[in-house]
Amino acid sequence: MTVENYVIRGRVWKLGDNITTDHIISGKHKFAFIDDVNKMLPYLFEEVIPGFINKVSPGDVIVAGSNFGIGSSREQAPRLIKLSGISAIVAKNFARIFYRNSINIGLPLIEARVIPDITDNGDILTIDLKKSIVINETKNVIEQVKPFPQLVLNILLNGGIINLLKNKGLDAV
Amino acid sequence: MKKELANHTMTEQILSLNAGRKVQPGDIVTVKVDLVYAHDGTAPLVISAIKDEIGLERFEPKTSVAFFIDHVAPASTVNAAEVHRKMRLLAKNNGINLYDVGRGICHQVAPEEGLVRPGYVVFGADSHTTTLGAFSSFATGVGSTDAVVAMLLGKNWLKVPEPVKIKFEGSIQKGVMGKDIALHLVGLFRAGSMTGKSLEFDNVDSISIDSRMTITNMATEVDADAAIMPTDKKLLNYYKFELGMEVEHITPGPRAEYADTVIVELNNLEPLVSAPPNVDNVHAVTEYEGVEVDQVFIGSCTNGRLEDLEIAARILNGKKVKTRCIVIPASIRVYQKALSMGIIDVLIKAGCVVGPPTCGPCVGAHLGLLASGETALSTSNRNFPGRMGHKDSKVFLASPATAAATAINGKITDPRGYL
């Protein structure tokens with residue numbers, strides 16, 4: 001279940017293409033509670049999956065289409081997803097800043113070509129970060145994905161870039 | 001190394017010089033970061049990372065660091081006021097330049113203060129940091145943690161993007177603005193198409209510095225890592241006469257290799273709008289003429305500059321707006337220049353509300369949010385559902401000229417009839 005074991009297994013929340021950072025957490029809610037990320041949690045995916053925070057279980061994963069996380073640089077977006085208990089996101093591709101932000105806080109993002117097309121809400125997914133494979137157990141489909149660059153894997157395995165610097169020193173980046 | 005790089009793209013030149021070795025697209029490299037900044041939307045997580053996650057009360061920034069209080073400025077909530085207080089304290093304790101309430105929007109103020117120079121690598125904790133590419137820098141938007149790493153280390157990692165060349169031909173016609181060029185590019189490329197790529201512009205002579213900033217500003221809407229304008233005479237003059245600075249030249253080599261080259265005919269361009277619900281839903285303004293709007297907003301890091309207010313005033317001179325029209329200069333310097341030129345007077349006489357320098361309603365935080373069912377025409381950069389208020393409100397994006405003409409009629413209007 002943990003990144004430390006390199007394997008993540010969870011139930012799927014399925015989303016579509018072009019989920020923007022405004023869909024994840026809108027600017028108006030972000031700024032209303034700008035001093036405390038935890039207070040933004042009830043508004044996570046407010047318009048996309050109403051009541052998401054009461055429905056999600058720890059370890060669940062998100063599977064989405066193209067351009068996940070486009071828009072703002074707000075790091076509250078991946079932080080809220082991680083705080084909600086989501087353990088990884090699989091999508092066709094991710095916006096650049098969202099990708100960096102997620103990796104930096106130790107939330108694994110996996111780019112896959114097949115899994116997003118064949119996966120439905122509620123399916124069970126297993127992700128092996130070290131072997132770079134994603135398995136949809138419900139549909140019995142295995143996809144080999146592109147391995148993480150070494151630096152990115154190091155950041156993830158340390159639980160984020162701040163932890164990496166704390167664990168390995170300032171020359172780790 | 002400079003000589004070795006003479007035949008390369010601007011992206012490769014800047015990143016190689018900052019990496020201390022020759023780099024090529026696809027390389028994962030650590031680069032020296034020359035300027036890092038954050039604002040009151042991204043600074044809270046910068047502060048909590050430094051104080052809570054790392055446990056530092058004081059630190060020595062390893063590079064030039066700036067904080068801007070621009071998103072909710074002046075504070076509209078107690079929570080925002082608390083963030084501002086923490087930013088001032090951290091800045092004071094650690095020798096960080098702080099640009100407080102009223103100074104203006106980060107991407108406008110940074111160049112006004114001479115914080116960016118050609119050849120710089122800039123990590124700004126705001127997606128629209130690409131704006132600074134108008135000053136021949138590799139300026140890229142990042143999150144708060146990336147900004148912290150760059151502040152503490154003076155460096156950070158990145159994947160060298162693949163440069164794409166955009167060559168302008170001809171010049172824009174009356175009533176067409178830099179914003180229309182930006183919207184054209186977003187509509188042409190579509191959202192998310194430029195992930196892992198940098199845009200490099202060629203033949204920009206006919207385009208003003210203000211317009212260049214509008215174009216590089218919106219490069220993030222196609223997810224480009226950076227958008228770089230070459231150093232030309234206009235830019236050198238800007239540095240010399242506005243800032244009294246002599247700067248490096250960054251231009252691509254004659255044999256620079258690009259992943260793709262796109263030619264944009266400026267002569268044929270017409271005023272455009274981005275229709276809800278996505279920025280890349282770009283159409284000719286004529287397709288939407290007559291759509292009624294409840295609010296017009298002229299401002300933001302995309303279009304709150306002097307040329308933007310100037311054209312709005314030219315169109316609104318002697319007229320009255322039919323819909324509420326909010327005008328917010330991007331910085332206090334823009335505001336002062338507009339005042340001295342009589343622009344603000346014209347706008348107020350036309351019935352506009354002129355606000356203090358801030359991001360304003362663009363991000364849905366304050367100064368002009370939309371009610372359910374309302375429609376706005378805005379010169380800002382995003383029109384996602386609920387961006388500027390209620391989830392059932394709509395936002396059209398357009399140039400300040402189109403915005404001013406629209407305000408006169410209370411419905412979307414082609415500005416060419418007013419110039």
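Throughout, a chain's letter reflects where its sequence line sits, starting with A, and its residues are numbered from 1.
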Next on the checklist: Please classify the contact between T140(B) and chain A as side chain, backbone, both or neither, with a heavy-atom cut-off of under 4.5 Å.
Outcome noted: both
Item to check | Under 4.5 Å from any heavy atom of chain B - which part of I155(A) | outcome: side chain
Item to check | Pairing of D223(B) and R96(A) as salt bridge, 4.0 angstrom limit | outcome: no
Item to check | Most contacts with chain A, counted as non-hydrogen pairs under 4.5 angstrom, among T77(B), D40(B), V142(B) | outcome: V142(B)
Item to check | Option that, when pairs with chain B are counted at under 4.5 Å, heavy atom only, ranks first among E47(A), K39(A), K166(A), K30(A) | outcome: E47(A)
Checklist entry - Among K391(B), H128(B), E82(B), which residue forms the greatest number of heavy-atom pairs with chain A at distances under 4.5 Å? => result K391(B)
Checklist entry - Side chain, backbone, both or neither: which part of I34(A) has a non-hydrogen atom closer than 4.5 Å to chain B? => result both
Checklist entry - Highest number of heavy-atom pairs under 4.5 Å with chain B: which of V152(A), I97(A), D171(A), L165(A)? => result I97(A)
Checklist entry - Hey, mind stepping through N67(A) and N18(A) against side-chain hydrogen bond (donor to acceptor under 3.5 Å, both in side chains) and telling me if it holds? => result CA-CA 5 Å; N67(A) 298 330; N18(A) 298 318; 2.9 Å; yes
Checklist outcome for this item: Residue from I54(B), V363(B), V78(B) scoring the most non-hydrogen pairs under 4.5 Å with chain A is V363(B)
Next on the checklist: So that I can tick it off, tell me whether D117(A) and K139(A) are bridged by a salt bridge, with the cut-off set at under 4.0 angstrom between side-chain N and carboxylate O.
Outcome noted: no
Item to check | Residue part contacting chain A, namely of N156(B), when any heavy atom lies under 4.5 Å | outcome: both
Checklist entry - Picking from D126(B), T195(B), N278(B), D146(B), which has the most non-hydrogen pairs under 4.5 angstrom with chain A? => result D146(B)
Item to check | Side chain / backbone / both / neither for D35(A) at chain B, heavy atoms under 4.5 Å | outcome: both
Checklist entry - After noting the C-alpha distance and the side-chain angles of K14(A) and D120(A), does the key distance pass the salt bridge (Lys or Arg N to Asp or Glu O under 4.0 Å) rule? => result CA-CA 6 Å; K14(A) 181 71 192 293; D120(A) 292 309; 5.4 Å; no
Item to check | Contact winner vs chain A - G141(B), P44(B), G364(B), heavy-atom pairs under 4.5 Å | outcome: G141(B)
Checklist entry - Contact part of F98(A) toward chain B, heavy-atom cut-off under 4.5 Å: side chain, backbone, both or neither? => result neither
Checklist entry - With chain A, which of T30(B), D225(B), V279(B) has the greatest number of heavy-atom pairs at distances under 4.5 Å? => result D225(B)
Check residues 74-83 of chain A and write down every donor-acceptor pair under 3.5 Å in which the side-chain atom is one partner and the other belongs to a residue at least two apart or another chain.
residue	atom	partner	partner atom	Å
R74(A)	NE	S72(A)	OG	3.0
R74(A)	NH1	I25(A)	O	2.8
E75(A)	OE1	S144(B)	N	2.8
E75(A)	OE1	T145(B)	N	2.7
E75(A)	OE1	T145(B)	OG1	3.2
E75(A)	OE2	R79(A)	NE	3.1
E75(A)	OE2	R79(A)	NH2	3.0
E75(A)	OE2	T145(B)	OG1	2.4
Q76(A)	NE2	G41(B)	O	3.3
R79(A)	NH1	E53(B)	OE2	3.2
R79(A)	NH2	E53(B)	OE2	3.3
R79(A)	NH2	T145(B)	OG1	3.2
K82(A)	NZ	I105(A)	O	2.8

Next on the checklist: If the threshold is 4.0 Å, N to carboxylate O, is there a salt bridge linking E111(A) and K92(A)?
Outcome noted: no
Checklist entry - Is there a side-chain contact between T21(A) and F384(B) (heavy atoms, below 4.5 Å)? => result no
Checklist entry - Which answer fits L369(B), side chain, backbone, both or neither, if we ask what part of it has an atom under 4.5 Å from a heavy atom of chain A? => result neither
Checklist entry - Which answer fits A125(B), side chain, backbone, both or neither, if we ask what part of it has an atom under 4.5 Å from a heavy atom of chain A? => result backbone
Checklist entry - Would E46(A) and H29(A) satisfy side-chain hydrogen bond (donor to acceptor under 3.5 Å, both in side chains), going step by step from the backbone distance to the final call? => result CA-CA 10 Å; E46(A) 188 188 26; H29(A) 296 313; 2.9 Å; yes
Checklist entry - With chain B, which of V37(A), N104(A), N101(A), L151(A) has the greatest number of heavy-atom pairs at distances under 4.5 Å? => result N104(A)
Next on the checklist: Can you confirm whether more than 12 heavy atoms, excluding those of E374(B), are under 6.0 Å from its CD atom?
Outcome noted: yes
Next on the checklist: Between T302(B) and N217(B), is the side-chain hydrogen bond (donor to acceptor under 3.5 Å, both in side chains) condition met? List the steps.
Outcome noted: CA-CA 6 Å; T302(B) 314; N217(B) 174 276; 2.9 Å; yes
Item to check | side chain to side chain contact (heavy atoms under 4.5 Å, CB included) partner of P108(A), chosen from L157(A), L129(A), V61(A) | outcome: L129(A)
Next on the checklist: Given heavy-atom pairs under 4.5 angstrom as the criterion, report whether the side chain, backbone, both or neither of R382(B) touches chain A.
Outcome noted: side chain
